[in-house]
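For reference, the structure is listed below as structure tokens.
Keep in mind that this is a model prediction, so the values were computed, not measured. Sequence positions, counted from 1, serve as the residue numbers for this chain. Numbering of ligands and ligand atoms starts at 1, following listing order.
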Amino acid sequence: MATEDVSLDLSTLLSSEERDFLIRNNGDQVKVSNLVGKIVGFYFSGSWCGPCRNFTPLLVEVYEQLSSKGDFEVVRVSDLVGKNILLYFSAQWCPPCRAFLPKLIEAYHTIKGKGNAFEVIFISSDSDQSTFDEFYSEMPWLALPFGDERKQILSRKFKIKGIPAAVAIGPSGRTITKEARMHLTAYGADAFPFTEEHLKQLEEEIEEKAKGWPEKVKHELHTEHELIRAKRKACICKGCRETGYSWSFYCKECDFDLHPKCALKEDEKNSNELTLFEVKNLCLPIHI
Ligand SMILES: [Zn+2]
Ligand SMILES: [Zn+2]
């Protein structure tokens with residue numbers, strides 16, 4: 001195949017005696033050998049050159065589109081060794097999957113932004129390539145290619161019964177939790193690295209905080225009655241429309257709930273830390 005010729009040329013073209021790597025703008029070095037088998041574009045350009053400056057944003061856009069589709073950059077599984085991995089089982093036709101995606105994207109950027117070695121892999125239950133492409137184009141992370149046989153193997157291994165599901169795997173390859181979706185919904189990026197110890201600590205912090213919340217509040221979204229601090233199972237917050245938590249400000253008469261974070265807006269420091277979701281009880285599993 002032509003790829004082989006190109007890769008040979010690439011190594012010759014891009015390696016010198018002193019250097020066999022390229023750089024990224026975050027300081028990372030990328031070995032020329034990692035580019036073997038990829039489609040590579042050379043962009044000769046300079047910041048003093050007007051037409052270059054005009055062209056760069058266009059190229060960035062195209063690069064991001066292509067690399068998010070996986071056509072442009074191939075990531076070797078060996079590159080993932082030693083990282084925290086989240087397997088994200090999901091599909092566009094599944095409304096809870098679509099609802100969970102923005103939360104996961106936000107957590108992903110926050111976790112990576114703190115310098116953690118973290119990667120998400122989208123494992124699709126979409127029924128055709130174009131829906132896969134469309135859904136995956138919204139995601140900033142890696143994916144198994146559509147229709148890849150490893151999907152069945154992974155679904156079986158982790159006994160995935162419904163989607164969305166998120167399985168956290170530690171740097172040593174050990175499965176940390178199959179309930180990462182619930183923890184992410186509950187704590188956002190703070191749930192990382194999903195270990196039992198860490199989650200226990202988070203829960204204790206919330207219980208401690210709950211002691212400081214008022215027993216009753218008046219809220220503009222429910223002027224009829226006072227809202228009582230209560231531990232609830234599955235419910236929908238009438239403030240942000242998100243589902244399920246343990247602590248709530250609740251009107252029993254009207255079955256009206258507000259998350260503590262939504263009820264106590266002015267006290268809010270971190271939008272994730274006050275919510276405790278019980279996702280398990282909320283949604284019937286969607287079979288894949
Ligand atoms: Zn809310
Ligand atoms: Zn009421």
Anything under 30° is parallel, anything over 60° is perpendicular, the rest tilted; go ahead and classify Tyr108 against Phe118. tilted
For the pair Phe135 and Phe122, name the ring-plane relationship: parallel under 30°, tilted 30 to 60°, perpendicular over 60°.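 Correct class here is perpendicular.
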Lys/Arg N to Asp/Glu carboxylate O, Asp255 vs Arg232, below 4.0 Å: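 A salt bridge is present here (some side-chain N lies under 4.0 Å from a carboxylate O).
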Can you sort out the partners of Cys254 under disulfide bond (SG atoms under 2.5 Å apart), two or more places apart, ordered by chain and number? none
Closest heavy-atom pair and its distance - Tyr43, Cys52: OH-O, 3.1 Å
Quick one: are Trp247 and Glu207 in side-chain contact, heavy atoms under 4.5 Å?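 Side chain of Trp247 against side chain of Glu207, heavy atoms only: contact under 4.5 Å found.
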Taking atom types as modelled, is there a side-chain donor on Tyr250 or Ser248 under 3.5 Å from an acceptor on the other?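 No, because no side-chain N or O of Tyr250 sits under 3.5 Å from a partner of the opposite role on Ser248.
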Strictly under 2.8 Å, how many protein N, O or S atoms lie near the Zn ion (ligand 2)? Waters don't count.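 Protein heteroatoms (N, O, S) closer than 2.8 Å to the Zn ion (ligand 2) number 4.
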Spell out the protein N/O/S atoms under 2.8 Å from the Zn ion (ligand 1) as residue plus atom name.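 Result, waters dropped: Cys237 SG, Cys240 SG, His259 ND1, Cys262 SG.
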With sequence neighbours excluded, what pairs up with His225 under the ring-ring contact (aromatic ring centres under 6.0 Å, His included) test? His222
Ring-face cation of Lys238 near Phe256 (centre distance under 6.0 Å, axis angle within 45°): yes
